[in-house]
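Okay, structure first, notes after.
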Amino acid sequence: MSRLEGLHHYSGLELAPSERFDDEDTNHPQILALLEANMRVPSEKNPPPSTITPESLYRRRREVLKMLGLGAVGLATGCHSHAAPPAAEATKIEAIPGAPLTIAHKLDDAGDETQTRYKDATHYNNFYEFGTGKGDPSANSREFHPKPWSVEIAGHAERTGHFSLEDILKPHPLEERIYRMRCVEAWSMVIPWVGIPLANLLKRFKPTSQARYVAFTTVNRPGEMPGLRRPVLDWPYREGLRIDEAMHPLTLMVVGMYGHVLPNQNGAPLRLIVPWKYGFKGIKSIVKIEFVETQPITTWNQSGPDEYGFYSNVNPAVDHPRWSQKTERRIAGDGFNLFGNRIATKPFNGYADQVASLYAGMDLRKNF
Ligand code: MTE
C-alpha cells in the first residue's frame, strides 16, 4: 500500500461503525454486500441499501438479550427479530470496560449534541499502528501494554527528563470534556473525554521563550503494534502544535473516555485532543513531548503535504483535494442510520468563538 492510501482509501462509502463493531465483521459477507449495494446502481436484483437489513442488527439484539440474561429465552421463543433494539435500551445497558476515573469537573462543550455510543467510539478507529481498517485497532491492540508508561519531556524547558505517567498526572484533577471530533475523512463523533488541560501540564515544565512549538511522538513498539511492521507511514507517528494552540484551554491531554480509562485502541494511556482541528492532530499513546523552536515535522503533513496541512483546522471552505469538507457524517446516538446523519461542517468544528483569534490575519487557505 502506498503511503497516501492510508487515511486515504476513503471513498465516501464507509460503513457506520454500528454495522461493523464486531471484530469478526471485518470480512463479513453481509457487510461486503452492503458496501457493494451502495456502489452499484439500484435495480430489482440489486436493491437500494435501505431495503437490506444488516445481520448485525439481529446480532445486536442477541447481544442485548445475552446481557440481560435472556438469551436462552429469546431463542426458545423464536425471538429472531431483525428489528433494532430501541436506542434507549441499547444505551442503558452499554457496559463500559476499564477502571472508572474520579472526575473533578465536567464541561459539555458539544452544545447538548447526541453522544456517540461507547461501542462505536471504540470500534471504529484510526490508529494505523494497529492496522489501517477501522476495526483493526480494537481487534489488534489487545497485546499492547499501556502500563508502566513513561513520557520524555525534552527541548526548550527548564525541567526535562523521563517521567512516569503517575508523576505526570499526580497534581492534576481530572476533567470531563464533551467535544465534537471531526475526522479529516468527513465523519464525526461526540465523545466525553477525560483528561487535563494540556496547558496545566506543560506549564509545570517551565518552557522557555524559545519554545514556539510543541512536538509529540507516539510509542514505537512493532512487537505489540502490528501495523508498524508495514511502511504505511513514516513511523513513529508525530504531531505538533504552535505553543499558543497547545496552551489553549480547549486543548486536552486525555487519559480516559466515558468516565473510564482510555482503551488501547483510543490511544492509551495518554493522547491529545484538539477539538477544533481534524482528528489526526489527536496523536495517541504519546511517549515524548518536546518544546521546539521551529515548526516540527508531522506525520500526515510529511506523507501528503498537499492534502494534510500542519494547522489542519476544521474548515468547510477548504476541501481536501479528493473530497469535500463541507459536510460530515455524524456517528452518534443509535447509529443505525447507515447512509444518513450528514450535517454541515462548521468552521473550527464549531469552536470558532474560542479559537478563531489564534489565527487572526492568517490566510487559512494557505495555512490549511
Ligand atoms: N495517533 C496515532 N499514533 N496513530 C494514528 O493512526 N490516527 C489519527 C488520530 N491519532 C492516529 C492517531 C486519526 S486520523 C484520527 S481521526 C484519530 O486519531 C481517531 O481517534 P479515535 O480512534 O479515538 O476516534
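One-based numbering, in listed order, for ligands and for the atoms of each.
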I want to know if ligand 1 touches N266 in the polar sense, i.e. an N/O pair below 3.5 angstrom. yes

Using 30° and 60° as the class boundaries, would you call the ring planes of F348 and Y359 parallel, tilted or perpendicular? parallel

Using a plain distance cutoff, I'd like to know if W300 has any nitrogen or oxygen under 3.5 Å from a nitrogen or oxygen of ligand 1. no

For the residue pair F127 and F144, is the inter-centroid distance of their aromatic rings smaller than 6.0 Å? no

Going hydrophobic residue to hydrophobic residue with side-chain gaps under 4.5 angstrom, can you get from Y118 over to L174? yes

Any K281 heavy atom less than 4.0 Å from ligand 1: no

Proximal atoms of ligand 1 relative to T218 (non-hydrogen, under 4.0 Å): 3 (N)

Which part of E185 is near ligand 1, with near meaning a heavy atom under 4.0 Å away: side chain, backbone, both or neither? neither

R271 N/O under 3.5 Å from ligand 1 N/O: yes

Which bit of F127 is near ligand 1, meaning a heavy atom under 4.0 Å away: side chain, backbone, both or neither? both

N or O contact, K284 vs ligand 1, cut-off under 3.5 Å: yes

Please determine whether any non-hydrogen atom of G282 lies less than 4.0 Å from an atom of ligand 1. yes

Within less than 4.0 angstrom of ligand 1, does M181 place any heavy atom? yes

Please say which of T298, L241, V151 ends up in a side-chain contact (heavy atoms from CB on, under 4.5 Å) with F216. L241

Y278 ring center near Y308 ring center (under 6.0 Å): no

Find all atoms of ligand 1 within a distance of less than 4.0 Å from any non-hydrogen atom belonging to C183, and give their numbers and elements. 16 (S)

Set of residues satisfying ring-ring contact (aromatic ring centres under 6.0 Å, His included) with respect to Y179, sequence neighbours excluded: Y351

Point-to-point distance, once rounded to the nearest 0.5 Å, from OG1 of T251 to NZ of K281: 11.0 Å

Between S312 and F280 the two heavy atoms that sit nearest each other are OG-CZ, 2.9 Å

Part of N126 within contact of ligand 1 (heavy atoms, under 4.0 Å): both

